[in-house]
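Okay, structure first, notes after.
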Amino acid sequence: MAVLSRIPKTLTRTTTSSIKPLSSYISRSFSSTTLNSETDLKVPSFLSCNSPPLCQEPKDRNVQWVFLGCPGVGKGTYASRLSSLLGIPHIATGDLVREELNSSGTLSSQLKEIVNQGKLVSDEIIISLLSKRLEAGEAKGESGFILDGFPRTIRQAEILEGVTDIDLVVNLKLREEALLAKCLGRRICSHCGGNYNIACIDIKGENGKPGIYMAPLPAPPQCVPNLIQRADDTEEVVKERLRIYNETSRPVEEFYRIRRKLLEFDLPGGIPEAWPKLLEALNLGHKDKHIAAA
Ligand code: ADP
């Protein structure tokens with residue numbers, strides 16, 4: 001697979017304390033009228049990528065990856081597993097929105113209304129939440145990221161592309177019948193944030209499409225009394241989120257496809273089947289084995 005050649009084989013770290021934070025470039029680019037001018041934005045050299053057609057492996061920083069995919073596909077699950085494996089932050093804009101929504105801040109009720117209808121939050125709000133999160137991470141010495149849920153519009157993708165190099169975009173794919181069932185079966189532990197699923201998905205293969213089996217992902221006994229459902233995981237709202245994904249976020253896949261950054265990954269089943277295959281596709285199988293053996 002051609003894409004393998006640009007997956008980092010070694011993930012190196014350096015200190016970036018002298019470099020202006022990425023968060024400030026994101027905020028600045030949002031208020032700038034032209035979004036694609038790297039000269040205007042004065043992107044620091046460690047963030048620039050000039051060697052087409054494929055982005056080079058990052059040599060002096062941690063990876064900067066994006067996870068795309070429909071609601072319920074498992075972006076959060078796989079991004080968070082990779083984050084632990086690679087020691088880089090997993091930043092989910094959906095989590096940032098929910099944190100803000102559950103706070104007593106002024107945005108809270110506005111966000112609740114938007115999210116509970118399955119609509120997208122404005123680019124202004126998302127950029128502001130993401131910039132704050134990046135700023136806080138940079139202050140703690142974080143570098144690199146796995147973004148989950150951002151970018152979700154072409155405008156967000158242009159802003160990101162204008163300020164930094166995304167090394168790789170993983171597009172997780174799953175049959176639409178499974179997505180609704182997975183969202184409806186999702187349960188979250190309100191104490192530890194653990195993500196579980198009561199759905200047992202067993203879709204037979206037809207017309208050349210392979211069948212798919214995904215076993216439920218039960219919560220451990222200590223989480224069971226604290227399980228909750230997301231308010232936007234109702235049938236009506238999930239269908240609206242899927243509609244909006246197809247209309248507004250699907251073009252983001254093409255945005256990265258033409259920049260040759262997109263790794264398409266068809267989920268072959270649940271975590272036991274998909275995780276090793278994803279690591280293989282990312283050229284990271286060796287890393288998982290080291291950790292398992294440690
Ligand atoms: P999903 O399961 O639909 O992928 P997320 O947890 O990523 O859900 O996001 C939850 C909600 O937060 C979205 O439906 C949307 O309202 C809001 N949201 C998250 N990320 C973005 C974004 N990049 N742009 C606009 N709205 C967003």
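Count residues from 1 along the sequence. Start at 1 and go down the list; that is how both ligands and their atoms are numbered.
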Main-chain N/O of G69 paired to K75 side chain as donor or acceptor, under 3.5 Å:
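Side chain of K75 to backbone of G69, a donor-acceptor pair under 3.5 Å: yes, one is there.
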Treating N62 as the side-chain partner and S143 as the backbone partner, does any N or O pair qualify as donor plus acceptor under 3.5 Å?
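Side chain of N62 to backbone of S143: a pair is present.
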Going by side chain to side chain donor-acceptor pair (under 3.5 Å), name the pairs with one or both residues in residues 232-248, residues two or more places apart or in two chains.
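Passing the test, one end in residues 232-248: K119-E240, R186-D233, R230-D232, D233-R241, E235-K239, E240-R243, R243-E247, Y245-E253, N246-R250.
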Number the atoms of ligand 1 from 1 as they appear, then name those within less than 4.0 Å of a heavy atom of [X], with their elements.
{"X": "F150", "result": "23 (N)"}
{"X": "Q156", "result": "22 (C), 23 (N), 24 (N), 25 (C)"}
{"X": "R186", "result": "2 (O)"}
{"X": "R230", "result": "1 (P), 2 (O), 5 (P), 6 (O), 8 (O), 10 (C)"}

If I apply the N/O under 3.5 Å rule, does [X] come out as touching ligand 1?
{"X": "T93", "value": "yes"}
{"X": "G149", "value": "yes"}
{"X": "K75", "value": "yes"}
{"X": "R98", "value": "yes"}

Answer with yes or no whether I126 contacts ligand 1, where contact means a heavy atom under 4.0 Å from a ligand atom.
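Flag set, I126 near ligand 1.
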Shortest protein contact, atom 2 (O) of ligand 1 (heavy atom only):
R241 NH2, 2.8 Å
Provide, to 0.1 Å, the distance between atom 11 (C) of ligand 1 and the closest protein heavy atom, together with that atom's residue and name.
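Nearest neighbour among protein heavy atoms for atom 11 (C) of ligand 1, to 0.1 Å: V115 CG1, 4.2 Å.
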Between E240, K182, R152, which one has a non-hydrogen atom sitting closest to atom 13 (C) of ligand 1?
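It is R152 that holds the nearest heavy atom.
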Using distance only, find each side-chain donor-acceptor pair of residues 89-100 under 3.5 Å and give its atom names and separation, not counting sequence neighbours.
residue, atom, partner, partner atom, Å
H90, NE2, D148, OD2, 2.9
T93, OG1, G149, O, 3.0
D95, OD1, R98, NH2, 2.9

List the atom of P268, the atom of K277, and the distance in Å for their closest heavy-atom pair.
CG-CD, 4.0 Å
